[in-house]
Amino acid sequence: MNTPARSPERIVNTNPATGEVLSEHACAAAANVQDAVARARAAQPAWSRLGIAGRVRVLRRFQQLLLEQRSEVAACVTAESGKPVVESLVSEVIVTLDAARFCTENVYRVMREEDVRHANIVMKTKRGRILHEPVGVLGIISPWNYPLSIPATETLAALVTGNAVVLKPSELTPLSALYLARLLHEAGVPQDIFQVVLGFGGTGSALIESGIDKLVFTGSVETGKRVAEAAARRLVPVVLELGGKDPMLVLDDADVDIASSAAVWGALMNAGQTCLSVERCYVHRNLYERFVSECARKIGQLKVGNGANAETDIGPLISLRQLEAVEAQIEEAVAAGAIAVTGGKRLPQLGPNFFAPTLLVNVNHRMSLMQKETFGPVLPIMAFDSDDEAIALANDSDFGLSASIWTRNARRGDALARRVNAGTVMVNDVITCFAVAEAPHGGIKASGLGRTHGLFGMREMVRTKYVASDLLPSIKKVWWYGYGEQLGHQMSAFVGLLFGNSLVARAKGAAISFPSLWRKRL
């Protein structure tokens with residue numbers, strides 16, 4: 001059981017599959033967090049002055065080190081998260097490697113200085129530029145379900161753009177964050193530029209209060225609201241990724257074999273503990289019975305067990321607390337009329353954190369199972385009769401992170417994708433949008449604010465500065481002091497010059513306003 005000791009001083013990290021104690025760590029007190037942020041702030045200017053080329057070289061060395069140690073990193077992730085090693089490689093290591101590739105290839109584009117052209121004729125005597133500068137010290141609070149790839153993608157974007165980072169990982173999965181730190185430091189990131197502070201919720205609160213310049217948080221809606229409130233009191237800007245209740249729409253022309261395989265994998269990978277999981281599956285009534293039958297058959301072939309075993313398809317849930325939350329949703333749904341076609345029960349013979357992959361039918365939107373995030377190995381399936389009904393069901397949610405549409409008609413899929421209220425909509429695929437380094441990740445409604453990944457995610461790591469240089473510095477400006485009735489008349493005419501709807505009006509405005517260029521100014 002992976003329940004850390006609730007001591008104010010120590011974290012005890014255990015393997016959720018075996019209960020083995022993996023590590024023990026001291027918790028960072030508020031003073032420790034303050035000190036970490038102060039060191040990061042002192043070190044950040046030098047890291048920024050290193051320049052883009054220097055930071056790119058460091059990230060490329062990190063990428064090479066991670067490539068060389070991929071098996072060890074995957075084993076570390078599996079040991080403390082429980083997911084199968086294959087998933088640790090695919091969803092953690094590969095995603096991180098590709099994020100490093102994307103950041104090094106695109107940082108020049110993100111940081112490039114831009115000229116600003118002035119259309120207003122008065123401003124033609126100025127040169128305007130937009131600069132993109134590091135935010136400064138970035139705080140990251142990351143979750144346990146993807147303990148490497150989530151903090152790594154955010155960290156790499158922050159580092160390559162010249163920021164310092166203080167990362168507070170989940171107390172359930174500290175080792176992956178510490179491994180990330182080791183690789184970054186070995187690659188050449190200074191110790192004070194990337195720091196990991198370990199602890200429970202109080203450590204995260206201390207990070208928000210520490211004077212960081214921006215916060216990136218991934219976690220539950222409830223915690224995210226508290227984080228946003230605390231950050232707002234200090235005017236700390238935030239990026240929030242708060243999970244989802246992602247719908248999968250299987251249209252009447254879909255390939256049942258392909259779509260059912262996708263539904264099973266999309267709902268159950270990482271034991272369903274994925275913000276992009278298929279948490280609501282809607283199938284056209286013409287395909288419904290066959291689709292349910294195929295999903296049940298395929299779920300029956302899955303092997304549940306220790307993620308360290310090569311044959312395992314589904315590992316344990318992260319903790320008994322998480323299992324109980326999933327179980328409660330299922331029990332409530334069954335009491336309200338849902339039917340468990342497969343699963344729906346614990347697997348105590350494997351360990352206290354194992355739960356059978358579950359397929360539920362006869363579900364409806366009055367059930368919390370179809371409204372609140374489940375975060376467990378559950379696939380609920382509901383029938384619909386028309387495309388309009390499917391869209392209405394998909395949008396009937398407080399969440400809006402991701403969705404998928406399954407159809408043989410690409411044009412139909414694209415048209416319906418535009419009607420779904422979500423940050424990402426995939427046509428004929430699920431979840432893998434997270435692995436596309438170029439694609440922004442984030443949602444709408446209760447799914448959060450801002451974006452990570454892609455150019456949008458990198459731009460969250462910089463602040464914009466406008467610099468204007470006057471090309472006629474020895475001339476006093478027309479609009480400076482020395483007002484009077486005549487200037488008011490001339491400026492009124494000048495408005496006509498700029499925005500008059502005819503050549504005559506503009507010419508008249510020019511004739512009246514131009515003498516103001518020679519008026520006496522203070």
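Residue numbers run from 1 in the order of the sequence given. Since we're looking at a predicted model, the values are computed, not measured.
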Apply salt bridge (Lys or Arg N to Asp or Glu O under 4.0 Å) to Asp257 and Lys298, showing your working. CA-CA 10 Å; Asp257 179 44; Lys298 292 171 182 178; 2.9 Å; yes

Could you tell me whether the side chain of [Y] reaches within less than 4.5 Å of the side chain of [X], counting heavy atoms only?
X	Y	result
Pro352	Arg346	no
Leu66	Val73	yes
Trp406	Leu287	no
Arg61	Arg57	yes
Phe217	Leu207	no
Leu249	Ile391	yes
Ile11	Phe200	yes
Phe434	Thr274	no

Look at the rings of Phe375 and Trp144 and say which category their plane angle falls in: under 30° parallel, 30 to 60° tilted, over 60° perpendicular. perpendicular

For the residue pair His453 and His441, categorise the inter-ring angle as parallel (less than 30°), tilted (30 to 60°) or perpendicular (more than 60°).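 Answer is tilted, since the angle falls between 30° and 60°.
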
Which value, rounded to the nearest 0.5 Å, describes the distance between [X] atom [atom1] and [Y] atom [atom2]?
X	Y	atom1	atom2	value
Asp255	Ser261	CG	OG	9.0 Å
Asn13	Glu80	CG	CD	5.0 Å
Glu68	Leu183	CD	CG	10.0 Å
Lys303	Thr312	NZ	OG1	9.0 Å

[Y] versus [X], side-chain donor and acceptor atoms under 3.5 Å:
X	Y	result
Thr358	Lys345	no
Ser88	Thr78	yes
Arg226	Thr223	yes

Give a yes or no on whether the backbone of [Y] and the side-chain of [X] come within a donor-acceptor separation of less than 3.5 Å.
X	Y	value
His185	Phe194	yes
Asp246	Ser402	yes
Asn163	Met461	yes
Ser277	Glu279	no
Thr218	Pro143	no
Glu154	Val216	no
Thr432	Ala435	no
Glu24	Arg10	no
Gln322	Gly376	no
Glu241	Gly442	no

Residues that Asp429 engages under salt bridge (charged side-chain N to carboxylate O under 4.0 Å, His left out), provided they are two or more places apart: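 Partners of Asp429 under the salt bridge (charged side-chain N to carboxylate O under 4.0 Å, His left out) test: none.
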
Between Lys83 and Tyr146, is NZ or CZ placed under 6.0 angstrom from the six-membered ring centre and within 45° of the ring axis?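 Pair Lys83/Tyr146 counts as cation-pi.
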
Could you tell me whether Glu438 and Arg101 have a side-chain N and a carboxylate O separated by less than 4.0 Å? yes

side-chain contact (heavy atoms from CB on, under 4.5 Å), that's the test. Do Leu393 and Phe384 meet it? Break it down for me. CA-CA 9 Å; Leu393 289 168; Phe384 68 85; 4.1 Å; yes

